[in-house]
Amino acid sequence: MKIVIAGSGAMGATYGSMLAKAGNQVVFLDSWQDNIDSINQYGCKFNNLGTDEVIPIQACKPSEFTDIPDLVIVFTKSMQLSNMLESVKHLFGANTRVLCLLNGLGHTDTLKRFVDPKNILMGVTVLTASMQGAGSFKVSNYGKTEIQNIVDDKEAIEGAKKVVETINNSGLPTVYSEDIMYSIWRKACINGTMNACCTILQCNMEQLGTIPNLRHLLGQIVTEFAMVAKEQGTTLDVKEMTDLVCWFTTSEFQGVKHYPSMYQDLINNHRKTEIDFLNGYVAKKAKEAGKEAFYCELITEFVHGKEKILGV
Ligand code: NAD
């Protein structure tokens, strides 16, 4: 398959490297010149579950590539998606599938501004990867990827299943989802509680778990997510979802001492967060529907406040 990775950071480079190793024709597109130069000169340096590998891959800026691919995988941060789609839209042929595995909410609407809905594939991944420097990446685990087309027709389903098979064949466990919006909301609930609270409180999930009344607080956040999800046709069981997010603060969760990615982005690396596509999205959509999502609004303001304090 001819595949373009639109955003060759931690996640894009990981999926791209695995897909290239499996024999697909992969090209990395990115705006970061040092990243492009390093990949072209030395290959993509890839620490694959502890083993160092070098994968030869062509990299360039979006405007420099013009071959229509079978698949574009977008892998920017949420707030960069729209700009990326604008700069790769010349690559969308009549049958080019566009797969979005970003964290956060509202991306389907952004994609629809650029891509024929029959070619849009939405997904969720729990794989974790990090950037080690320009041209150098590390994958720590192959968490499951779930994918589904957004238009319910035979050709769209077949296209999505072909992409699932291709990613699976590259060694990354991938399944076809029958309800991707449920999985997207479920992950957003986890990120909207764990990421947001640990970032504001500057703590890991184990420490978050020691806060008195935590279950009530997280339950309120989840209730607001469930309210907006319901408006958009997805039903979340508030008790089940609250149990799930609370579980991440217990010793049963292996990564409980882990600082979530939003914490790492903002506190460690002074990078902008994806809060507007998590709690911020819920607060905005609630307001548009004449409702209130007080907890999500407060959390969003606090995270933006922290960005300001840190000069991000
Ligand atoms: P990243 O910042 O490492 O990579 C984004 C890349 O996109 C960068 O290399 C950047 O230069 C490039 N880019 C951004 N805008 C561009 C533009 N307009 N033109 C060209 N290049 C552009 O981010 P990441 O960690 O790979 O995360 C991507 C998404 O995946 C996020 O939504 C994140 O929340 C989600 N996610 C990440 C992980 C993880 O472990 N890193 C796990 C699950 C989900």
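Atoms within a ligand are numbered from 1 in the order they appear, just like the ligands themselves. Side-chain atoms are counted along with the backbone in the values below, which use heavy atoms only and exclude waters and symmetry mates.
- Comparing E86, Q80, M262 against atom 14 (C) of ligand 1, the shortest heavy-atom distance belongs to Q80.
- In this structure, atom 36 (N) of ligand 1 lies nearest to the protein heavy atom N103 ND2, 3.6 Å.
- Heavy atoms of other residues, nucleotides or ligands lying less than 6.0 angstrom from CD of Q33 number more than 12.
- When only interatomic distances are considered, the shortest N/O to N/O separation between M11 and ligand 1 falls below 3.5 Å.
- Comment: E158 engages K154 in a salt bridge, judged by a side-chain N to carboxylate O separation of less than 4.0 angstrom.
- The pair K287-E297 counts as a salt bridge, with a side-chain nitrogen and a carboxylate oxygen less than 4.0 angstrom apart.
- By the 3.5 Å distance cut-off applied to N or O atoms, P62 is not counted among the residues near ligand 1.
- Heavy-atom distances between S8 and ligand 1 reach below 4.0 Å in at least one pair.
- In terms of polar-atom proximity, D30 is counted as a contact of ligand 1, with an N or O under 3.5 Å from an N or O of the ligand.
- Only the side chain of R271 comes within 4.0 Å of ligand 1, judged by heavy-atom distances.
- Ion pair K61/E64 not flagged as a salt bridge, since none of the NZ, NE, NH1 or NH2 atoms sits closer than 4.0 Å to an Asp/Glu carboxylate oxygen.
- Checked by atom type and distance alone, the side chain of T249 never pairs as donor or acceptor with a backbone atom of G209 at under 3.5 Å.
- At least one cation-pi condition fails for K89 and F114: the charged atom is not both under 6.0 angstrom from the six-membered ring centre and inside a 45 degree cone around its axis.
- Using a 4.0 Å cut-off between charged side-chain N and carboxylate O, D70 and K162 make no salt bridge.
- Salt-bridge formation is detected for the pair E231/K291: a Lys NZ or Arg NE/NH1/NH2 atom is positioned less than 4.0 Å from an Asp or Glu carboxylate oxygen.
- Using modelled atom types, one side-chain atom of Q148 and one backbone atom of E178 make a donor-acceptor pair closer than 3.5 Å.
- Nearest protein heavy-atom contact of atom 7 (O) of ligand 1 is G7 CA, 3.5 Å.
- Atom 34 (O) of ligand 1 has as its closest protein heavy atom E274 OE1, 2.6 Å.
- For Q202 (side chain) and T199 (main-chain N/O), no donor-acceptor pair under 3.5 Å exists by modelled atom type.
- The protein non-hydrogen atom at the shortest distance from atom 40 (O) of ligand 1 is A129 N, 2.9 Å.
- Interface of L102 with ligand 1, defined as ligand atoms under 4.0 Å from a residue heavy atom, comprises 32 (O).
- Looking at atom 19 (N) of ligand 1, its nearest protein heavy atom turns out to be M84 CE, 3.6 Å.
- Ranking the protein heavy atoms by distance from atom 42 (C) of ligand 1 puts L127 O, 3.2 Å first.
- For atom 20 (C) of ligand 1, the nearest protein heavy atom (residue, atom name, distance) is S31 N, 3.1 Å.
- Of the protein's heavy atoms, F75 O, 3.5 Å lies nearest to atom 5 (C) of ligand 1.
- Heavy-atom contacts of K187 reach the following atoms of ligand 1: 43 (C), 44 (C) (cutoff under 4.0 Å).
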